[in-house]
Amino acid sequence: MTAGVQASLFDETDACRTDQSTDVGTIGVGAVGVGAIGVGAVRHDLPDGAWVDVRPGWIRGSLDLFDALSADVPWRGERRRMYDTILEVPRLVARYDERAALPHPILAEARSTLCDHYRAELPEGFATAGLCLYRDGADSVAWHGDRIGRGRTDDTLIAILSLGSPRSLLLRPRGGGPSRRFVLGSGDLLVMGGSCQRTWDHCVPKTTGAGPRISVQFRPSGVM
Ligand SMILES: O=C(O)CCC(=O)C(=O)O
């Protein structure tokens, strides 16, 4: 499956980092590579102690990574009970806990880069990876916060790598108020931090004309 879209306009060609390096490093897998987060990341402070970092073009060769994950990940559908009806969840998923091998070596590199960059704010580091495949614009995820585990009571960080077709990720205060829209292109990174999971909800709404998109969410252990 090919996303059939251009990667982020910011898709970069610089070298990416190794576990050992302290700045921009050199590990990539073929044409795919992880950039430094500090280069080009912008922090958006939100009310109530929440923030969002956006780092456009974090992954170089992101459409190759999209194609590899589309083909290799054991995608599965999920069902949820809604009152007395069982409904198909409108996207495919795959989950990797902290002990599981990730489905592409660049995702391990991405996680380790995230752990290094956010060590002061998240000393325990990112552990799990949740992957979602939005097959087209009819696939979506409804408003929610990641409030299972410590995200319910404490500040935490969730990092999202977007691959494939651009989609909007919206955030709105839990108590109501105007929403904020972040349009994520292929290879872009968005990190939600501070109180974001407790005080804000996020969603990926349905849209017309979108192609396939993969979202990779890195979370600390026990947070969902
Ligand atoms: O698709 C995304 O980037 C968001 C996914 C998400 O919020 C979730 O699966 O909990």
Side-chain angles (χ1 to χ4, degrees), residues 1 3 5 7-8 37 41 44 46 50-59 62-63 65-66 69-70 73 75-80 87-97 100 102-103 107 110-111 114 126-152 156-174 179-207 210-224:
M1 188 190 303
V5 293
S8 167
I37 295 171
H44 303 262
L46 305 176
W51 53 260
V52 172
D53 281 354
V54 178
R55 196 317 193 173
W58 181 44
I59 299 294
S62 62
L63 296 181
L65 179 57
F66 174 93
L69 294 176
S70 305
V73 168
W75 300 106
R76 58 183 174 76
E78 279 186 329
R79 292 162 170 236
R80 293 256 163 86
L87 297 175
E88 290 284 336
V89 172
R91 57 181 187 169
L92 302 180
V93 297
R95 297 211 171 80
Y96 297 84
D97 71 19
L102 295 176
L107 295 186
R111 180 172 59 189
L114 284 162
F126 295 89
T128 66
L131 274 68
C132 302
L133 173 60
Y134 299 80
R135 292 156 290 190
D136 56 30
D139 278 356
S140 61
V141 66
W143 289 110
H144 68 285
D146 292 6
R147 291 192 272 272
I148 295 176
R150 77 172 246 209
R152 191 162 63 87
T156 193
L157 270 69
I158 313 285
I160 295 176
L161 165 63
S162 202
L163 301 167
S165 189
R167 290 292 290 262
S168 291
L169 186 141
L170 308 187
L171 284 134
R172 74 176 180 200
R174 256 185 108 182
S179 61
R180 298 283 303 265
R181 176 186 301 269
F182 296 91
V183 179
L184 298 178
S186 193
D188 294 352
L189 170 70
L190 180 145
V191 179
M192 296 179 275
S195 68
C196 206
Q197 300 312 314
R198 281 180 289 127
T199 60
W200 288 67
D201 285 327
H202 57 277
C203 76
V204 175
K206 295 186 192 303
T207 185
R213 165 184 182 253
I214 292 173
S215 161
V216 183
Q217 307 110 41
F218 296 102
R219 297 182 175 85
S221 188
V223 174
M224 284 176 73

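Ligands are counted one by one from 1 in listed order, and the atoms in each one are counted from 1 as well. Values below: all heavy atoms of this structure, side chains included; hydrogens, waters and symmetry mates excluded.
Atoms of ligand 1 lying under 4.0 Å from any heavy atom of Asp146, numbered from 1 in the order shown and given with element: 10 (O). Remark: ligand 1 atoms within the under-4.0 Å shell around heavy atoms of Val204 are 1 (O), 2 (C), 4 (C). Near Ser215, meaning under 4.0 Å from any of its heavy atoms, are these atoms of ligand 1: 1 (O), 2 (C), 3 (O). Set against the non-hydrogen atoms of Tyr134, the atoms of ligand 1 under 4.0 Å away are 1 (O), 2 (C), 4 (C), 5 (C). Heavy-atom proximity to Ile160, at under 4.0 Å, picks out these atoms of ligand 1: 3 (O), 4 (C).
Under the side-chain hydrogen bond (donor to acceptor under 3.5 Å, both in side chains) criterion, Ser221 pairs with Glu98, not counting sequence neighbours. Evaluation of the side chain to side chain contact (heavy atoms under 4.5 Å, CB included) rule for Leu87 yields Met82, Thr85 as partners, not counting sequence neighbours.
Remark: side-chain polar atoms of Arg213 are not paired, donor with acceptor, to backbone N or O of Pro166 under 3.5 angstrom. The main-chain N or O of Gln197 is found under 3.5 Å from a side-chain atom of Arg147 such that the two form a donor-acceptor pair.
Taking a 4.0 Å cut-off on heavy atoms, Arg91 registers as neighbouring ligand 1.
Side-chain contact between Arg95 and Gln217 is absent, with no heavy atoms from C-beta onward closer than 4.5 Å. In this structure the side chain of Ser215 never reaches within 4.5 angstrom of the side chain of Arg91, judged on heavy atoms.
In the candidate list Arg213, His202, His144, Arg219, Arg213 is nearest to atom 3 (O) of ligand 1, counting heavy atoms.
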